[in-house]
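Please read the structure below before turning to the comments.
We count residues from 1, following the sequence as given.
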Amino acid sequence: NRRLDREKRSTWRFLVLATDESGEGLTGFADVVIEVRDTNDNAPLFLCVSDDCFMGYVPEDSPADTAVMEMTAVDLDDPKASTHAVLTYRIIQNVQNEINLNLFSINPVSGTICTVLGSLDREKVDKYLLVVEARDGGGLTGTGTATILVTDVNDHAPVFLQRIYTAFVSENASINTEVAVVSAMDRDEGENAMVTFSILDGDNDRKFSIETDKGNNCGFIHLRKQIDFEKPHERVFNLTLKAEDMDFFSIAHCVIYVE
């Protein structure tokens with residue numbers, strides 16, 4: 001009295017015995033095999049076995065048509081029976097840019113998600129959520145959520161927090177005295193945001209040094225050699241400073257007055 005379910009058991013096989021009770025008591029046997037035909041009774045499913053199975057990564061500034069990830073569903077119906085298990089994909093909740101153009105597209109057959117425009121900017125938005133629909137040939141649907149993380153590329157130069165720094169130091173200051181602290185900001189992240197500081201000009205006698213604190217993107221200017229106020233050229237130092245990451249740099253000045 002149970003209903004047949006092809007997805008649980010697709011074939012039934014049993015032996016049929018026929019007996020001629022009113023005659024000579026002859027019997028016959030038949031081996032009966034029943035194949036359960038499929039009906040479209042299973043909707044597509046996006047099965048996720050780990051936390052990041054529907055997560056994709058794409059570098060910012062990637063050109064249009066860059067492949068990001070695949071969203072594939074499963075259908076428990078018989079793939080050999082009609083189109084019950086033939087799936088097509090579409091994005092039913094996309095994300096748009098400032099002029100309402102979709103940022104992503106999906107291949108309806110493979111489920112591959114690609115960029116539409118080359119305008120992804122991690123510093124503006126670093127995470128997108130898309131809702132993808134899978135539809136089988138019988139019209140049944142299932143949905144899944146794709147998480148797209150925009151990864152960083154080095155597309156920003158470090159910028160000093162001030163264009164001109166001012167500091168004062170006594171001519172009697174000892175070697176390694178801290179004279180000034182300069183800072184820079186880099187809008188990138190990770191290694192792309194690590195800044196190194198150096199003195200480019202204004203210190204021909206190398207009276208000063210600068211030490212980089214990469215954890216805080218700071219540069220500490222220290223006295224490297226003794227200075228003498230009585231020497232006119234050692235009363236004011238105008239240091240040209242450089243802050244650089246792996247690809248870009250910016251310039252600032254630090255004016256040091258000797259007292």
Side-chain angles (χ1 to χ4, degrees), residues 44-75 87-135 141-163 182-198 212-219 242-252:
L45 296 173
F46 288 93
L47 299 178
C48 191
V49 295
S50 64
D51 293 336
D52 60 351
C53 58
F54 293 143
M55 185 172 293
Y57 300 86
V58 58
E60 62 177 330
D61 302 325
S62 292
D65 297 323
T66 298
V68 179
M69 60 182 295
E70 286 190 1
M71 283 288 287
T72 53
V74 297
D75 194 308
L87 304 183
T88 56
Y89 300 92
R90 69 184 182 113
I91 299 174
I92 59 175
Q93 288 185 24
N94 209 325
V95 286
Q96 289 81 31
N97 62 5
E98 296 85 354
I99 57 175
N100 296 322
L101 296 177
N102 288 334
L103 294 183
F104 300 96
S105 64
I106 191 168
N107 184 300
V109 177
S110 67
T112 302
I113 295 176
C114 296
T115 58
V116 174
L117 306 169
S119 61
L120 298 180
D121 187 347
R122 186 201 64 84
E123 285 73 39
K124 292 182 179 179
V125 181
D126 63 358
K127 180 179 180 180
Y128 295 98
L129 298 178
L130 308 178
V131 178
V132 175
E133 177 191 84
R135 179 182 295 268
T141 61
T143 60
T145 300
T147 301
I148 298 175
L149 300 180
V150 183
T151 58
D152 187 56
V153 299
N154 192 24
D155 57 352
H156 290 89
V159 178
F160 279 98
L161 300 188
Q162 298 175 216
R163 292 185 62 185
V182 299
S183 300
M185 179 185 67
D186 194 310
R187 295 177 62 194
D188 295 309
E189 68 175 2
E191 292 185 354
N192 294 332
M194 289 186 179
V195 179
T196 301
F197 296 89
S198 59
T212 298
D213 179 357
K214 290 191 175 183
N216 297 299
N217 281 356
C218 294
K242 180 181 181 181
E244 60 183 327
D245 60 21
M246 292 188 294
D247 298 300
F248 305 102
F249 70 90
S250 64
I251 300 295

Measure the shortest side-chain to side-chain distance between Phe54 and Thr145 over non-hydrogen atoms and say whether it is less than 4.5 angstrom.
no
Leu103 versus Gln96, closest heavy-atom pair with distance:
CG-C, 4.2 Å
For the side chain of Asp65 and the backbone of Cys114, is there at least one donor-acceptor N/O pair under 3.5 Å apart?
no
Set out, in order, the CA-CA distance, both residues' side-chain angles and the distance that settles side chain to side chain contact (heavy atoms under 4.5 Å, CB included) for Gln93 and Ile91, then state yes or no.
CA-CA 6 Å; Gln93 288 185 24; Ile91 299 174; 5.6 Å; no
The reported gap from CZ in Arg122 to CZ in Arg187 (rounded to nearest 0.5 angstrom) is 9.0 Å
Can you tell if the side chain of Asp75 reaches within under 4.5 Å of the side chain of Leu45, non-hydrogen atoms only?
no
Under the side chain to side chain donor-acceptor pair (under 3.5 Å) test, which residues partner Gln162, sequence neighbours left out?
none
For a quick test of reading the model, state the closest non-hydrogen atom pair linking Pro158 to Ser250 and the distance between them.
O-OG, 2.7 Å
Please examine the side chains of Val58 and Leu120, heavy atoms only from C-beta on, and report whether any two atoms are closer than 4.5 Å.
yes
Output, in order, the C-alpha distance, side-chain angles, deciding distance and verdict of side chain to side chain contact (heavy atoms under 4.5 Å, CB included) for Asn94 and Tyr128.
CA-CA 9 Å; Asn94 209 325; Tyr128 295 98; over 6 Å; no
Which heavy atom of Asp152 sits nearest to which heavy atom of Glu189, and what is that distance?
OD2-N, 3.2 Å
Could you tell me which non-hydrogen atom of Asn217 sits nearest to which non-hydrogen atom of Ala193, and how far apart they are?
ND2-O, 3.2 Å
If I take atom CG from residue Leu130 and atom CD1 from residue Ile106, how far apart are they, to the nearest 0.5 angstrom?
8.5 Å
For Asn154, all residues meeting side-chain contact (heavy atoms from CB on, under 4.5 Å), sequence neighbours excluded
Asp188, Asn192, Asp245, Met246, Asp247, Phe248
With rounding to the nearest 0.5 angstrom, report the NZ to CZ distance, Lys242 to Phe197.
12.5 Å
Test side chain to side chain contact (heavy atoms under 4.5 Å, CB included) on Ile113 and Tyr89 and set out the steps.
CA-CA 10 Å; Ile113 295 176; Tyr89 300 92; over 6 Å; no
Please check this pair: side chain of Asn216 against backbone of Cys218, looking for a donor-acceptor N/O pair closer than 3.5 Å.
no
Those residues that, when tested against Asp186, pass salt bridge (Lys or Arg N to Asp or Glu O under 4.0 Å) (two or more places apart):
none
For Phe46 against Thr72, the heavy-atom pair lying closest together
CD2-O, 3.7 Å
Is there a side-chain contact between Val95 and Asn102, using heavy atoms and a 4.5 Å cut-off?
no
Crowded around Glu123 CD? As in, over 12 foreign heavy atoms under 6.0 Å?
yes
Taken to the nearest 0.5 Å, the spacing of Leu129 CG from Ile148 CD1 works out to 9.0 Å
Under the side-chain contact (heavy atoms from CB on, under 4.5 Å) rule, collect the residues that match up with Leu149, sequence neighbours excluded.
Met55, Tyr57, Lys127, Thr147
Taking atom CG of Asn97 and atom CG of Asp121, what is their separation to the nearest 0.5 Å?
12.5 Å
Sequence neighbours excluded, which residues qualify as side-chain contact (heavy atoms from CB on, under 4.5 Å) partners of Thr141?
Glu133, Arg135
Any residue meeting side-chain contact (heavy atoms from CB on, under 4.5 Å) with Ala64, in chain and number order, not counting sequence neighbours:
none
Can you tell me how far the CD atom of Glu70 sits from the OG1 atom of Thr112, to the nearest 0.5 Å?
4.0 Å
Please lay out, stage by stage, how Leu101 and Leu117 fare under the test side chain to side chain contact (heavy atoms under 4.5 Å, CB included).
CA-CA 9 Å; Leu101 296 177; Leu117 306 169; 3.9 Å; yes
For the side chain of Glu60 and the backbone of Val153, is there at least one donor-acceptor N/O pair under 3.5 Å apart?
yes
